[in-house]
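This is a predicted model, so every value here is computed, not measured. Any value given below was found using the heavy atoms of this structure, including those in side chains, with hydrogens, waters and symmetry copies removed. Order of the sequence lines fixes the chain letters, A, B, ..., with proteins taken first and strands second; residue numbering starts at 1 for each chain.
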Amino acid sequence: MVTGYAAAQVSDCCYEAFEVVKLMRYEDGLEPNRVTLVSLLQAAANVGAYKEGRAVHGYAVRRSIDSFDEILETSLMDMYSKCGDLRMSKLIFDRMSKRCIGSWNALIAAHVQIGQPLGAFEIFQRMLQEDILPDMITLANLLSSCGDLKFLRQGKSIHGYLIRRQVQLDLVATTALIEMYCKCNRTNQGRILFDEIEAQDVIMFNVMVSGYLQAGFPDKALKTVCQMIEAGRKPNPATILNLLSVAADLREIRIGKKVHAYVVRQGIGSNVDIANQLISMYGKFGRIEMARQIFNRITRKDLFSWTSMITSYAQHGYASDALMVFRLIHEERLQPDLVTLVSLLQAISSLGCLTLAKEVHGHIYRNRLEKEILILNSLLTTYAKCGSLGMAECLFKSIVKKSQISWNAMISAFGMHGKCLEAIDLFNQMLKEGFQPDDITFTSILSACSHGGYVEEGWRIFQSMAEKHSVTPNTEHYSCAIDLFSRSGRLEEAYSLVQHLPPRERISALDALLSSCRVYGNVEVADIVGKELLDLDPDNSGTYILLANIYSEAGKWDAAARIREIAKTKSLARQPGYSMIESASVQ
DNA sequence: CTAGGGTTAG
């Protein structure tokens, strides 16, 4: 009777389970027994309801429940570990007179939860020393934390342990191993294990597919889904989610639409998770109306739905819509989390509204998010984009545990405001404090130098990239450096860097360079640049005109005439200019 | 215990 009460509710919802137990106590005068408490602890653990979990613990102690056995104690440990209270979990473990494998697993889970994977591995060692045979739950826990933390060595050693102990690698174990290898960037190794299995199940296919997705191989992911269909496995919701990511990553809206149609045909369009993924996919394609339509039709929107919608709006210039959607969240009894706020800040950045940025700042403090580096970095950039370099700098200084991204954000904030010297100073300070600059650091700093005309400084930093910081300059870096030289008239040096660019970028760089040649009246470089540009892009009438102008301004009438002649024989007419506004109003 | 989703710096 008592047991039936709580147990039935646990799977459903934690807080309802607690309500039921309250009813049980106050209306029926029944006191919870051991089984009730275990059920409640499970419920609390499932949703991380720390307060409720502690209350149960307190109740058990007060009532001095007779049989404080290893099951109840393990449930307590489990609850504390899932709520991130490693200390309590450990305390109970140490005091236990009799332990079951679940107690060990709970302790391992506690370490994983709190972000001390090494501690988890120590417990594992201790288990082995005490001759306690880890079960698959133990190993799955360890393998999944290996994956999350990219602990390839430890993952491999567990793999080795399984082989040494001749544990039969069944579907579940192999799946856990595949996931671990994929998350450690060893998709090939994962695939080898995958292929060794005769009949993979849907879960294993899904793990392999998401491994490819996370490794940035959407094409391989898609191919694997096709293999899955050929093998006669029916896609499940997780497969659909993967496929929608594939479509977004491949930038193939056709695939996305096909999957969407399949979802509708299968009648699973009401699945919130799938709907959320559809929103984010259509959002990435800029199909905002579609995203909104799907959003509107979700009956039970969760925080992911709201955040996806806000992100879709924010990233496509619909900042005020993003803001409007954000304001509706509270009405749904949902609390925005830090990801929601980061999306919101993106919207605010594009509005450039400092007041709103400050409002979010207040919200962050009220909700105890002021230690979340992710959101602080985001807020810093928002302040800078809303015109307040001062607030950005103040925030930067107040961040106790700066990340490399904080430095990048502040450097680029200085760059945005044309404060090149400050950017360089901060860059040096960043090095002094032992942070590794990356490609983005250099993009910011080089573009600041280029806009501020600090050629020497910029060039020195460019050269230091590969030499001192082992960052290989990419296209953007070369473009910045070319810009740096060409703006200040050092056209030969600018030209010498152009060859590092891929063809498409090379054309636009040469184009800009040719314009600089005109500004500085440099016919020699214009000769070379013009020739190369006409080779690469012979049908651009602008090049002929620009080149002819350069020649005639330098008094080289013959050369100018010759160029105009070539243009004429190629019958290149100047493309008539048109205005977007005009064509819009004509429609 | 094993499948996934919204996210910061240019």
Side-chain angles (χ1 to χ4, degrees), chain A residues 101-102 105-106 108-109 112 134-145 147 170-180 182 201-211 213-214 235-245 248 271-281 283-284 302-312 314-315 336-346 349 372-382 384-385 392 396 403-413 415-416 437-448 474 476-477 479-480:
Chain A
I101 181 79
N105 286 342
I108 286 177
V112 173
D135 62 2
M136 233 13 252
I137 296 181
T138 321
L139 297 171
N141 246 323
L142 290 169
L143 279 177
S144 97
S145 55
D170 61 358
L171 276 186
V172 177
T174 311
T175 304
L177 283 169
I178 293 173
E179 200 201 1
M180 182 276 294
C182 285
D201 66 354
V202 185
I203 296 183
M204 191 177 280
F205 267 109
N206 288 343
V207 169
M208 198 61 234
V209 171
S210 94
L213 269 172
Q214 281 165 11
N236 70 3
T239 319
I240 304 290
L241 296 172
N242 278 335
L243 270 175
L244 291 171
S245 293
N271 178 322
V272 196
D273 304 323
I274 290 178
N276 292 346
Q277 190 78 320
L278 278 167
I279 292 173
S280 118
M281 182 200 72
K284 279 179 193 150
D302 62 13
L303 197 55
F304 284 96
S305 323
W306 290 92
T307 308
S308 302
M309 198 61 237
I310 291 172
T311 307
S312 301
Q315 290 178 347
D337 69 357
L338 81 164
V339 183
T340 320
L341 290 174
V342 166
S343 283
L344 183 71
L345 282 171
Q346 286 187 337
S349 298
E372 294 288 349
I373 193 68
L374 195 83
I375 204 161
L376 291 176
N377 294 339
S378 195
L379 183 63
L380 193 165
T381 302
T382 306
K385 287 188 176 166
F396 176 76
S403 71
Q404 183 228 26
I405 292 177
S406 318
W407 291 89
N408 283 357
M410 194 62 228
I411 289 173
S412 99
M416 270 179 236
D438 64 1
D439 50 336
I440 292 167
T441 321
F442 287 110
T443 308
S444 305
I445 198 98
L446 289 175
S447 102
N474 62 25
E476 263 176 299
H477 300 128
S479 300
C480 281

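Between the side chains of A:Asn206 and A:Thr239, at least one donor N or O sits under 3.5 Å from an acceptor N or O.
Side chain A:Asn242 to base B:dG4: no donor-acceptor pair is found below 3.5 Å. No hydrogens or angles were tested; on distance alone, nothing pairs the side chain of A:Asn271 with the base of B:dG5 as donor and acceptor under 3.5 Å. Judged by distance alone with a 3.5 Å cut-off, a donor-acceptor contact links the side chain of A:Asn236 to the base of B:dA3. You won't find any donor-acceptor pair under 3.5 Å spanning the side chain of A:Ser308 and the base of B:dG6, going by distance alone. Between the side chain of A:Asp337 and the base of B:dG6, at least one donor-acceptor pair of N or O atoms lies under 3.5 Å. Checked by distance alone, A:Asn276 brings no side-chain donor or acceptor within 3.5 Å of a matching partner on the base of B:dG6.
Residue contacts shown for A:Thr340 include a base, since a base heavy atom lies under 4.0 Å away. Nucleic acid contact class of A:Asp170 (heavy atoms, under 4.0 Å, all strands): none. Base engagement by A:Val172 is indicated by at least one non-hydrogen atom pair under 4.0 Å involving a base atom. In this structure, A:Met180 reaches neither bases nor backbone, as no heavy-atom distance under 4.0 Å exists between it and the strands shown. Among the heavy atoms of the strands lying under 4.0 Å from A:Gln346 are primed sugar atoms or P, OP1, OP2 only; no base atom is included. A:Leu379 comes within 4.0 angstrom of nothing in the nucleic acid, heavy atoms only. Nucleic acid contact for A:Asp438: base, since at least one base atom lies under 4.0 Å from a heavy atom of the residue.
Taking side-chain N and O atoms only, A:Ser210 has a distance below 4.0 Å to OP1 or OP2 of B:dG4. Put simply, A:Ser412 has a side-chain N or O that comes within less than 4.0 Å of OP1 or OP2 on B:dG10.
Taking atom CD of residue A:Gln214 and atom P of nucleotide B:dA3, one finds them 10 Å apart after rounding to whole Å. Whole-Å rounding puts the A:Asp135 CG to B:dT2 P distance at 13 Å. Note: CG (A:Leu376) to P (B:dT7) measures 19 Å, nearest angstrom. Remark: P of B:dG6 and CE of A:Met309 are 15 Å apart, rounded to the nearest angstrom. One interatomic measurement links the two molecules: CD of A:Glu179 to P of B:dA3, which rounds to 4 Å at whole-angstrom precision. Protein atom CG of A:Asp201 is 15 Å distant from nucleotide atom P of B:dT2, rounded to whole Å. Atoms CG (A:Leu177) and P (B:dT2) sit 14 Å apart, rounded to a whole Å. The distance between atom CG of A:Leu374 and atom P of B:dA9, rounded to the nearest whole Å, is 9 Å.
Closest contact between the side chain of A:Gln277 and the listed nucleotides B:dG5, B:dA9, B:dC1 involves B:dG5. Candidate nucleotides B:dC1, B:dT8, B:dA9 were compared by shortest atom distance to the side chain of A:Ala140, and B:dC1 ranks first. When distances run from any side-chain atom of A:Asn206 to the nucleotides B:dT8, B:dA3, B:dG6, the shortest one goes to B:dA3.
Side-chain contact between A:Thr340 and A:Asp337: present, with at least one pair of heavy atoms (C-beta onward) separated by less than 4.5 Å. Side-chain contact between A:Thr307 and A:Val342 is absent, with no heavy-atom pair separated by less than 4.5 Å. Proximity of A:Asn408 to A:Ser444: side-chain heavy atoms (C-beta onward) are nowhere separated by under 4.5 Å. For the pair A:Ile101 and A:Ile137, the minimum side-chain heavy-atom distance is 4.5 Å or more.
An aromatic stacking contact between A:Phe304 and the base of B:dG6 is absent, as defined here by ring centres under 5.5 Å apart and ring planes under 30° from parallel.
Separation of atoms OG1 (A:Thr174) and CE (A:Met204) is listed at 4.5 Å; rounding is to 0.5 Å. The distance from the CG atom of A:Asn242 to the CD atom of A:Gln277 is 8.5 Å, given to the nearest 0.5 Å.
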